[in-house]
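The figures here come from the full heavy-atom set of this structure, side chains too, leaving out hydrogens, waters and symmetry mates.
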Number of protein chains: 2
Amino acid sequence: MSLTEKVDKRAHILSIAEELFAENGFDGASVRDIAQRANVNLAMISYYFGSKEKLLEALIEDRAGYTTGILVELAKNQTLTPWDKIDRLVEFYIEKIMNNYRFHCIMSQTYCQTRSTEIKELIINIKMRNLEEIKKVISDGQKKKIFGKVDVELTMASVFGTLTQVVNSAALYSRLMKIEESDDATYRKKMSTRLKTHLKQMLRAHLDIKNEE
Amino acid sequence: MSLTEKVDKRAHILSIAEELFAENGFDGASVRDIAQRANVNLAMISYYFGSKEKLLEALIEDRAGYTTGILVELAKNQTLTPWDKIDRLVEFYIEKIMNNYRFHCIMSQTYCQTRSTEIKELIINIKMRNLEEIKKVISDGQKKKIFGKVDVELTMASVFGTLTQVVNSAALYSRLMKIEESDDATYRKKMSTRLKTHLKQMLRAHLDIKNEE
DNA sequence: CACAAAATTAAACAAACGTTTAAATTAAAC
DNA sequence: GTTTAATTTAAACGTTTGTTTAATTTTGTG
């Protein structure tokens, strides 16, 4: 057994679970699949996490931790202009979602199909916290008469929707844009650049108070 | 047994399957669940469709039929301006997705987690066909110097992403907007109106050649 | 080294899964 | 009315599921 596995077998199981949940969905990935690919005994998963559902819960709690802190910092930052903040938000989320596309895939699938109220609540609370911070940034820009009277919630839905769409429907968009030959990593690299340009440009036009009808 | 069930039992099974696939996902909904809620014998599903996977395939083929026709008509229409076409597209898709939110939920989940290449291809082909038509509308507006130099594919991703986000994360956004007390139907009704305003406004600012930097 | 706690294992558990069978019922055709 | 085909049924098929057991090995501590 390699050193890294030995040191943190729990983390290793989590990362394999992330892979398989993203590939096949929560119900589509069996505990046996996870145990086998992680090279651990089947019973170890119950031993470490208690149950399959608790495993998902542990994964979510582990991965969703640090984002909120960054957003809080950004929201209460006084030196950056609202436009700067928007740019930073866009860059941060593109980076985050592209680097954690597997986890993002799990999140978007889980909370619209999970039977467990507990997990649903967990996810919603995490997302609520983050959305509230972003809301502050936009509302602040509106108060300062820099941003126009846009629908704040739906503007956020557009940003996250765009990212989700590009990540979750990679097979579709890579074919539509004729970059299908390349592997998934290159797809995400290319898309990061295009997404930054597109979202910044769109938000600039959409939010700008000068474009208000 | 009621008349409507008798007349088209196959369609009835499809509609129940749509419900349960949307609620629990493909793997989360068992053939027994579907049979029970549809009030048919378990074996009837194999009898009519062959297998669970074929059932999903039949559902997709049944539901995804008529959209392409409408888009083709709109794309080649010569009397409408590009702006009119955008408005019609927005209205059409909001209506469509809100009325078929269950099916839309199945589609967005299936093709990023299904092991079956066949179904994946089926979905991608349907979506590709439709996206190609919409692409024509935007490209046409660009050629006529009405729309600016936007990223066409990502603009579409933003529109569909927004809709998907609002439908699939209903629990999140209804809480964020504090309309949680009302039922799902009222949520979708309220959101239809807001979405129309938001998407039209955003696309107007984003596409307008005058707002080009 | 000895001993207790933690980690790991193979085996078994009952329940649920998708699918098939073969018999029974209904409908259609002549 | 008889015969043939289509439909419907209850029961069983063999797998796979998540979880638990009880025995074994490894680890850390005095």
Side-chain angles (χ1 to χ4, degrees), chain A residues 1-60 106 109-110 113-119, chain B residues 1-60 106 109-110 113-119:
Chain A
M1 193 185 299
S2 84
L3 186 82
T4 51
E5 283 178 61
K6 183 77 194 65
V7 166
D8 208 343
K9 185 174 267 191
R10 207 189 105 103
H12 181 235
I13 294 174
L14 276 183
S15 124
I16 299 292
E18 187 178 27
E19 271 182 39
L20 280 163
F21 284 155
E23 276 175 35
N24 306 329
F26 179 75
D27 292 298
S30 76
V31 180
R32 280 175 178 79
D33 291 342
I34 298 170
Q36 193 171 11
R37 198 188 281 191
N39 274 312
V40 300
N41 187 278
L42 171 63
M44 292 307 292
I45 287 171
S46 291
Y47 180 77
Y48 274 122
F49 301 98
S51 70
K52 188 186 180 184
E53 202 166 284
K54 290 267 184 63
L55 167 63
L56 174 60
E57 235 175 287
L59 178 65
I60 293 173
I106 295 170
Q109 300 203 355
T110 303
Q113 92 176 198
T114 306
R115 269 80 70 227
S116 154
T117 324
E118 213 170 327
I119 292 186
Chain B
M1 193 185 297
S2 83
L3 187 83
T4 51
E5 283 178 59
K6 184 75 193 65
V7 167
D8 208 343
K9 186 174 266 186
R10 206 188 107 104
H12 182 235
I13 294 175
L14 276 182
S15 126
I16 298 292
E18 186 178 29
E19 271 181 40
L20 281 163
F21 285 155
E23 276 175 37
N24 306 329
F26 180 74
D27 292 298
S30 76
V31 180
R32 279 175 178 78
D33 290 342
I34 298 170
Q36 194 172 10
R37 199 188 279 192
N39 273 311
V40 300
N41 187 279
L42 171 63
M44 291 308 290
I45 288 171
S46 290
Y47 180 76
Y48 274 122
F49 301 97
S51 70
K52 189 186 182 185
E53 204 166 284
K54 291 270 185 63
L55 167 63
L56 174 59
E57 234 176 289
L59 179 65
I60 294 173
I106 295 171
Q109 301 202 354
T110 303
Q113 94 177 195
T114 306
R115 269 81 70 226
S116 153
T117 323
E118 213 171 327
I119 293 187

When all nucleic acid strands are considered with a 4.0 Å heavy-atom cut-off, which category describes A:Tyr48: base, sugar-phosphate, or nothing? sugar-phosphate
Output the rounded distance in Å from [atom1] ([X]) to [atom2] ([N]).
X	N	atom1	atom2	value
B:Met44	C:dA24	CE	P	18 Å
A:Gln36	D:dG18	CD	P	13 Å
A:Ile45	C:dT8	CD1	P	13 Å
B:His12	D:dT7	NE2	P	18 Å
A:Arg10	C:dA7	CZ	P	12 Å

Of all the heavy-atom pairs spanning [X] and [Y], show the shortest one and how long it is.
X	Y	value
B:Arg10	B:Ala58	NH2-CB, 4.2 Å
A:Leu20	A:Ala29	O-CB, 3.6 Å
A:Leu55	A:Ala17	CD2-CB, 4.0 Å

Would you say [X] and [Y] make side-chain contact, with heavy atoms under 4.5 Å?
X	Y	result
A:Leu14	A:Phe49	yes
A:Asn24	B:Asp27	no
A:Thr110	A:Phe21	no
A:Val40	A:Ile16	no

In dot-bracket, 5' to 3', how would DNA chain C read with Watson-Crick or G-U wobble pairs under 3.5 Å, [ ] for crossing ones and | for pairs to another strand? ||..||||||||.|||||||||||||||||
Residue-phosphate contact under 4.0 Å: B:Lys9 side-chain N/O, D:dT7 OP1/OP2: no
Using a 4.0 Å heavy-atom cut-off to protein, can you give one letter per nucleotide of nucleotides 11-21 of chain C, 5' to 3': B if the base is in contact, S if only the sugar-phosphate is, - if neither? -B----BBBBB
Please check: side-chain N/O of B:Lys52 versus main-chain N/O of B:Phe26, any donor-acceptor pairing under 3.5 Å? yes
